[in-house]
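Proteins come first, then strands; the chains are lettered A, B, ... in the order of their sequence lines, and each starts at number 1.
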Protein chains: 2
Amino acid sequence: MILDCCIVHYYCLATPEHAVPPRIPPSIRCHLPYLLARAYQRQQRLFEAHTRDFDITGRDYGLLLMLESNPGLWQSEIADLMGLDRTTVTYLVDSLQKRGWVAREPDPADRRAHVVTMTADGRTALESIRPAAAAAIDEVLAPLDETERDQLRALLTRLLGH
Amino acid sequence: MILDCCIVHYYCLATPEHAVPPRIPPSIRCHLPYLLARAYQRQQRLFEAHTRDFDITGRDYGLLLMLESNPGLWQSEIADLMGLDRTTVTYLVDSLQKRGWVAREPDPADRRAHVVTMTADGRTALESIRPAAAAAIDEVLAPLDETERDQLRALLTRLLGH
DNA sequence: TATTGTTATACTCTATAACTATA
DNA sequence: TATAGTTATAGAGTATAACAATA
């Protein structure tokens with residue numbers, strides 16, 4: 001991704017007891033960019049930890065979810081929806097197609113475009129992975145009760161300008 | 001990073017009017033992992049956009065901030081604080097040292113370790129970049145008023161278990 | 001001409017493993 | 001033996017540019 005650089009990355013999975021090392025001063029620890037980066041990092045690592053037995057990345061999983069609710073997306077639509085370059089989507093779809101989870105074929109209505117759909121195997125894989133992904137989300141959100149989760153949802157939605 | 005995969009990446013800088021494409025169903029748009037990933041992605045892209053004139057990444061900037069408040073960190077401490085592998089820190093420090101912004105020397109108390117400090121040039125660079133970084137943060141947080149920012153801070157801090 | 005997708009290429013980030021120098 | 005740091009290597013992710021097919 002263009003901006004893989006980010007504000008600060010502090011989380012260390014190997015030493016959870018040092019998740020908040022004492023030498024990070026409040027001036028950094030309370031900065032929202034730092035908190036956001038840390039939360040994202042934690043989410044990433046927990047997703048990987050919970051889905052280690054499956055041949056899937058979080059991005060793959062996200063695309064399967066997208067295709068579940070939007071069968072027949074063009075690759076260019078996937079690029080728009082996921083904020084990725086067209087070329088990156090080519091590789092992403094390639095990778096899922098190699099596992100037999102998605103299929104692509106030219107759109108009869110516009111043969112420039114390729115329509116991507118989930119296969120039966122893809123649906124099976126999605127169902128087998130869903131519990132692990134849900135467990136990862138549960139662990140990320142464990143410190144928040146339902147009210148707090150709603151507040152966080154609302155704030156992030158506002159932050160994104162929705 | 002291990003988990004560069006993430007839940008979903010939707011944000012498209014090139015087409016801000018499509019920041020929330022209509023085909024993302026509520027079931028995905030309201031998922032906290034999606035919102036967190038989107039917010040992080042937005043933060044990353046705005047940081048890069050605002051600091052394009054400077055030879056710096058968000059991670060570089062984060063390390064300079066760390067060194068500002070913690071002069072004389074060991075590289076192994078930086079690795080812990082930022083959740084990075086030792087080898088990655090070697091390259092990170094190399095890169096800043098090449099720009100003349102940090103120096104490293106063996107710790108007299110334990111000559112295995114290298115102490116990293118910011119140079120005068122590094123402080124100058126930090127001060128010249130700080131306004132651009134602040135502008136990036138301002139733009140990310142623009143949709144939230146001060147109360148909402150405090151709420152978000154509190155929620156993310158709880159999420160991280162602090 | 002513009003758009004969709006592909007390929008070639010390169011660069012960044014990061015991990016593993018093997019190494020050195022110190023403790 | 002254990003730890004701090006370095007180097008070599010490899011893999012993933014992603015960008016740019018050039019290209020083919022289609023509109």
Q: Rounded to the nearest Å, what distance is computed from the CD atom of residue B/Gln75 to the P atom of nucleotide C/dA21?
A: 16 Å

Q: Under a 3.5 Å cutoff, is there a donor and acceptor pairing between the side chains of A/Arg86 and A/Gln75?
A: no

Q: With the threshold set at 4.0 Å, does a side-chain nitrogen-carboxylate oxygen contact exist between A/Arg99 and A/Asp121?
A: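 Salt bridge absent between A/Arg99 and A/Asp121.
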
Q: I'd like to check the side chain to side chain contact (heavy atoms under 4.5 Å, CB included) partners of B/Asp150; sequence neighbours left out, ordered by chain and number.
A: B/Glu146, B/Arg153

Q: In this structure, how many angstroms lie between the P atom of D/dA4 and the CG atom of B/Leu81, rounded?
A: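 From B/Leu81 CG to D/dA4 P: 13 Å.
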
Q: Considering only C/dG5, D/dG5, D/dA15, which nucleotide approaches the side chain of B/His114 most closely?
A: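 Nucleotide nearest to B/His114's side chain: D/dG5.
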
Q: Would you say a side-chain N or O of A/Ser76 is under 4.0 Å from OP1 or OP2 of C/dG5?
A: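 Answer is yes, contact under 4.0 Å.
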
Q: Could you state the CD1-P distance from A/Ile56 to D/dA12, rounded to the nearest angstrom?
A: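 Taking atom P of D/dA12 as the reference, CD1 of A/Ile56 is at 15 Å.
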
Q: In whole angstrom, give the distance that lies between atom CG of B/Leu92 and atom C1' of D/dT6.
A: 15 Å

Q: Choose from D/dG13, C/dG5, D/dA4 the nucleotide whose nearest atom is closest to any side-chain atom of A/Trp74.
A: C/dG5

Q: Measure centre to centre between the rings of A/Tyr61 and A/Phe47, then say whether the value is under 6.0 Å.
A: yes

Q: Just how far, in rounded Å, is C1' of C/dC13 from CG of B/Leu96?
A: 15 Å

Q: Between D/dG5 and B/Thr90, is there an OP1 or OP2 to side-chain N/O distance shorter than 4.0 Å?
A: no

Q: So if I define the base as every atom that isn't primed, P, OP1 or OP2, how would nucleotides 16-23 of chain D read as a B/S/- string at a heavy-atom cutoff under 4.0 Å?
A: BB----BS

Q: Less than 4.0 Å between a side-chain N and a carboxylate O, is that true for B/Arg123 and B/Glu127?
A: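 Salt bridge flag = no for B/Arg123 with B/Glu127.
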
Q: Starting from P on C/dG5, measure out to CD on A/Glu77 and report it in whole angstrom.
A: 8 Å

Q: What is the distance, rounded to the nearest whole Å, between atom CD of B/Gln97 and atom C1' of D/dG5?
A: 13 Å

Q: Does the pair A/Arg111/A/Glu105 count as a salt bridge with the N-to-O cut at 4.0 Å?
A: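 Here A/Arg111 does not pair with A/Glu105 in a salt bridge, since their nearest N and O are not under 4.0 Å apart.
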
Q: Starting at atom CG of A/Asp60, determine the distance to atom P of D/dG13, rounded to an integer number of angstrom.
A: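 Between P of D/dG13 and CG of A/Asp60: 8 Å.
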
Q: First locate atom CD1 of A/Ile78, then atom CZ of A/Arg104, and finally report the distance between them rounded to the nearest 0.5 Å.
A: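 Between A/Ile78 CD1 and A/Arg104 CZ, I get 9.0 Å after rounding to 0.5 Å.
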
